[in-house]
Every structure is written in structure tokens, then in C-alpha cells.
Amino acid sequence: MMLSRRSVYLALLFSVFVRLNANAASDPEIDRLLKKLPPPEKLVQADERVIRVNDPALRDPLLKQLEAATNAKQAKRALALSRQLVARHPSSGAANYFAGYFAADQKRYAEASHAFRKALAVQPQFVIAHYYLGYVEWELRHYS
């Protein structure tokens, strides 16, 4: 296979640029400046749009039963378990979300709307609860 002279020059030029960039990264001045930066943990803020990790409902053993019922496609059992989860953790955004989700799955839209509203009262930035509340309200024909 014969390479043209032009492609050899381009490859050589490219390798020189890569080599220069590799040397620039080991510059002591850059290392000194990078050490002045705060650790990344201090720069990153918690994302309030997701479920809070310290939510007690997420550590409840009922959640495993709820997952098993969902995998076995036992919708009525999943709804009953989600109601039990809310009874155990009434101030949990996750528990109320699960109750709303499984109520909406059973087309119990009024119950689902109530559950999603409770989840949003506990955790206002819970994005997926906003989405499902909009869906449920649409199904109830509450367009406003």
C-alpha cells in the first residue's frame, strides 16, 4: 500500500500537535493553578429534581415486594403495597409518587392526582411527579 507524500506530512503534523499538547498538560504552572481550585465536591450542587436519597421509603422492605409485584405484572397487588408504603411513610415523596403511579396504572386518576400532589408538596422539584400529575389531570379533563 503506497501512501501519498501529502498524507505522510499530515500524519507527521498531527503527531507533532498531539505531542505539543501532551507536553503542555505537564506544565508546572498549570499544575499549580489546578491545585488552587476547590475540590469538585464543593462545586457540585445537589440536584433537587430527583428523589431524595435519604427518603426512608427507599429503604423500606415493602419496596422489594413492590418491585416483585411489578415484575410479576400484579398491578392490584402493587397498588395495595404502594398504599401500605404511604401508610408507613406519609411524608415521603417517593412513597406518594409510587402510590400515584400505580393508581394511574389502574386508571384511578382521582387517587393518583391526590398522591402526586402530596408527593409534590413534600418535594416540589420532583420532576417526574410533575409530569405524571399533568398526565393524570389531562385524563381527568382538567385542562387548566
* To do: Would you give the length of the straight line joining atom CD1 of I128 to atom CZ of F116, rounded to the nearest 0.5 angstrom?
  => 8.5 Å
* To do: May I ask whether V86 and L58 are part of the same hydrophobic cluster, defined by side-chain heavy atoms of I, L, V, M, F, W, Y residues being less than 4.5 angstrom apart, directly or through others?
  => no
* Over 60° means perpendicular and under 30° means parallel, so classify the ring planes of Y109 and Y135, tilted if in between. => perpendicular
* Asked: When you measure from the side chain of H130 to the backbone N and O of L120, does any donor-acceptor pair fall under 3.5 Å?
  -> no
* Is the backbone of A110 close enough, under 3.5 Å, to the side chain of S113 for a donor and an acceptor to pair up by distance? -> no
* Would you say E111 and L79 make side-chain contact, with heavy atoms under 4.5 Å? -> yes
* Asked: For H114, does the NE2 atom sit with more than 12 other heavy atoms under 6.0 Å from it, leaving out its own atoms?
  -> no
* Would you call L33 and I30 a side-chain contact if the rule is heavy atoms closer than 4.5 Å? -> no
* Is F102 close to T70 at the side-chain level, that is, under 4.5 Å between some pair of heavy atoms? -> yes
* Asked: Between L66 and A78, which heavy-atom pair has the shortest distance, and what is it?
  -> CD1-O, 3.1 Å
* Asked: With a 4.5 Å limit on heavy-atom distance, are the side chains of P61 and Q65 in contact?
  -> no
* To do: Would you indicate whether the side-chain heavy atoms of R59 and H89 approach each other to under 4.5 Å?
  => no
* **Atom of G93, atom of A119 and distance for their closest heavy-atom approach** => O-CB, 3.5 Å
* Under 6.0 Å from the CZ atom of R32, do we count more than 12 heavy atoms belonging to anything else shown? -> yes
* Parallel, tilted or perpendicular: which describes the rings of Y132 and Y101, with under 30° parallel and over 60° perpendicular? -> perpendicular
